[in-house]
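Take a look at the structure set out below.
Please read these numbers as outputs of a predicted model, since none were measured by experiment. Each chain gets a letter, A, B and so on, in the order its sequence line appears, and its residues count up from 1.
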Protein chains: 2
Amino acid sequence: MAERPILHRDDPQKAPLVGHVKVTREDWLNVARDILVSDGVAEVKVLAIGERLGVSRSSFYWYFKSRKDLLNALLDDWEGRNTAVIEAHCALDAETITEAVCNFFRCFFDPELFDQGLDFAVREWSRRDGKVRKRIDLADSARISAITAMFERHGFTQYEADVRARILYFMQLGYHALDQAEPLRDRLARTEGYLLGFTGQPPRQSELEALFAFAREKARR
Amino acid sequence: MAERPILHRDDPQKAPLVGHVKVTREDWLNVARDILVSDGVAEVKVLAIGERLGVSRSSFYWYFKSRKDLLNALLDDWEGRNTAVIEAHCALDAETITEAVCNFFRCFFDPELFDQGLDFAVREWSRRDGKVRKRIDLADSARISAITAMFERHGFTQYEADVRARILYFMQLGYHALDQAEPLRDRLARTEGYLLGFTGQPPRQSELEALFAFAREKARR
DNA sequence: TTCCGTCTAGACATTTTTGTCCAATACTAT
DNA sequence: ATAGTATTGGACAAAAATGTCTAGACGGAA
């Protein structure tokens, strides 16, 4: 996810500037995103980021006008990372609807494609900031539309495609809201069979196995 | 939800102490809960609460040892409000499974019974605090067990009851994660039919109408 | 080597937030 | 009324967080 590793100077002694480590704007942004995801927007503090970078707090103001400026950059960063991925994957060609839903899940469980934690952190942030709220609302609509279109391409009526799209998307959100406690993937394997089969036709076992092989593999590493 | 109304002194002038408004520990807690829900735990600040109560910040320390003490009280308050309700309602006698699921929904959409926003705020809080995390994990397990038992009482095998319980609970979480943007209830009406019928037997229209009449009415006011 | 633009440390100033102390006020029981 | 307790305001202190300014270190180009 991060181009450069997140810096961490174990020994924060007076740093004699020899072997001086250069810190880029990207680094500030990366650590900020990291804190946003793990601790929420209120904990994104200039001093904390600077300490984690092993660098003085004041150099922050070379790269960013203010803390607010950083937060805006963070929001743009999120949009750049997470906006197009789902739409693109839902638009992929697929022979069967199972395959298509598999593409959908790939977006949410492949950390190379989509940062689920970041998405959730921004969603939480949006609850306290109208500007953020508007942007995530747009993202949600776009995603649900993309998933709906996916179902429509596979022969569902507009109404039924819409219902299925929302069920898929909401369950996805619900998974993450609970998350971390017990391994997510077990529950996935137990429930997605029914989700895919919510028309009453349970999918064939072979199709399911192909569908979740990917998620399981990702979950292991 | 709150025993006493949340105080709001419109005119915060030097307050001549005549007609003095007495502020209780409950009041501090109520406003704190209010801020927790709308702005997150990081925004629960002594000064902000005091201002909203129209009262000096220092009297806070009469009721609470410290800010940390307040946060602990807030957590106990949440547990008291939200822990037993779902278990109790899922254990209610019901003729049909539709009726039983209706009881389940009553928990989440009747603000007299259950504070959904508070539950979500604590869930968010738990992402940054291991102690909170443990308590909400326990609550989640207890709730899912209660819902599972509900399905088992209506003839589902343990496995199938478990799957259905998780789908219901996760969808509920997902709904709230998205929430506020468009009216939640429309989506509810469109999707719950399928949820209830995810065995392939769509429920009869009359049953559905009874099921959601309650939620709609609540949503209106 | 020198110069210049880039980046950083540290000092300084300000605001926000928390916590302590004590005198003063309001309320209750007598 | 009076005494005593419960509650509050305001002064004081300290810590945490943001933002500004300046001197100087670094590295590449002339």
Side-chain angles (χ1 to χ4, degrees), chain A residues 4 6-9 11-32 34-36 38-74 125 128-129, chain B residues 4 6-9 11-32 34-36 38-74 125 128-129:
Chain A
R4 295 172 46 123
I6 291 168
L7 300 178
H8 227 311
R9 193 180 277 181
D11 181 3
Q13 68 189 359
K14 283 294 177 182
L17 259 296
V18 279
H20 177 64
V21 178
K22 200 168 185 178
V23 169
T24 68
R25 185 185 152 103
E26 282 281 295
D27 290 326
W28 285 96
L29 206 59
N30 286 339
V31 174
D34 209 50
I35 294 177
L36 172 69
S38 61
D39 297 331
V41 66
E43 297 303 311
V44 177
K45 295 166 182 171
V46 181
L47 178 62
I49 306 174
E51 273 174 354
R52 227 164 103 177
L53 288 168
V55 114
S56 164
R57 186 179 61 78
S58 48
S59 49
F60 168 84
Y61 295 94
W62 177 262
Y63 300 103
F64 298 92
K65 211 173 102 269
S66 65
R67 179 176 178 270
K68 194 165 253 173
D69 187 33
L70 169 69
L71 294 185
N72 283 330
L74 222 37
W125 179 8
R128 305 162 212 172
D129 187 322
Chain B
R4 295 171 49 122
I6 290 168
L7 300 177
H8 227 312
R9 193 180 277 181
D11 181 1
Q13 68 188 358
K14 283 295 176 182
L17 260 296
V18 279
H20 177 65
V21 178
K22 199 168 183 178
V23 170
T24 67
R25 184 185 152 105
E26 282 283 293
D27 291 324
W28 284 97
L29 205 58
N30 286 339
V31 174
D34 209 48
I35 294 178
L36 172 67
S38 61
D39 297 331
V41 66
E43 297 303 312
V44 177
K45 293 166 183 171
V46 180
L47 177 64
I49 306 174
E51 272 172 357
R52 225 162 105 176
L53 287 168
V55 113
S56 164
R57 185 179 61 78
S58 49
S59 48
F60 168 83
Y61 295 94
W62 175 262
Y63 300 102
F64 298 91
K65 210 174 100 270
S66 66
R67 181 176 177 268
K68 193 166 253 172
D69 187 31
L70 169 69
L71 294 185
N72 282 330
L74 221 37
W125 179 8
R128 306 164 211 169
D129 188 321

In whole angstrom, what separates [X]'s [atom1] from [N]'s [atom2]?
X: L53(A); N: dT8(C); atom1: CG; atom2: P; answer: 9 Å
X: F64(A); N: dT6(C); atom1: CZ; atom2: C1'; answer: 16 Å
X: F60(B); N: dT20(C); atom1: CZ; atom2: C1'; answer: 14 Å
X: I49(A); N: dT8(C); atom1: CD1; atom2: P; answer: 14 Å
X: R25(B); N: dT8(D); atom1: CZ; atom2: C1'; answer: 17 Å
X: E51(A); N: dT8(C); atom1: CD; atom2: P; answer: 16 Å
X: K68(B); N: dT17(C); atom1: NZ; atom2: P; answer: 19 Å
X: D69(A); N: dT20(D); atom1: CG; atom2: P; answer: 12 Å

Short side-chain to backbone donor-acceptor contact, D27(A) and T24(A), under 3.5 Å: yes
field: Check: A32(A) main-chain N/O paired with R52(A) side-chain donor or acceptor under 3.5 Å
entry: no
Would you indicate which nucleotide in [options] comes nearest to any side-chain atom of [X]?
X: Y61(B); options: dG19(D), dA9(C), dG19(C); result: dG19(C)
X: K45(B); options: dG10(D), dT18(C), dT8(C); result: dT18(C)
X: R57(B); options: dC7(C), dA17(D), dG19(C); result: dG19(C)

- prompt: Mind checking whether L70(B) and F60(B) have side chains closer than 4.5 Å, heavy atoms only?
  reply: yes
query: Hey, which of these two, W62(A) or S66(B), hits DNA chain C nearer its 5' end, going by closest nucleotide?
result: W62(A)
- request: Mind jotting down which residue pairs meet the salt bridge (charged side-chain N to carboxylate O under 4.0 Å, His left out) criterion with at least one end in residues 56-65 of chain B? Sequence neighbours excluded, please.
  value: none
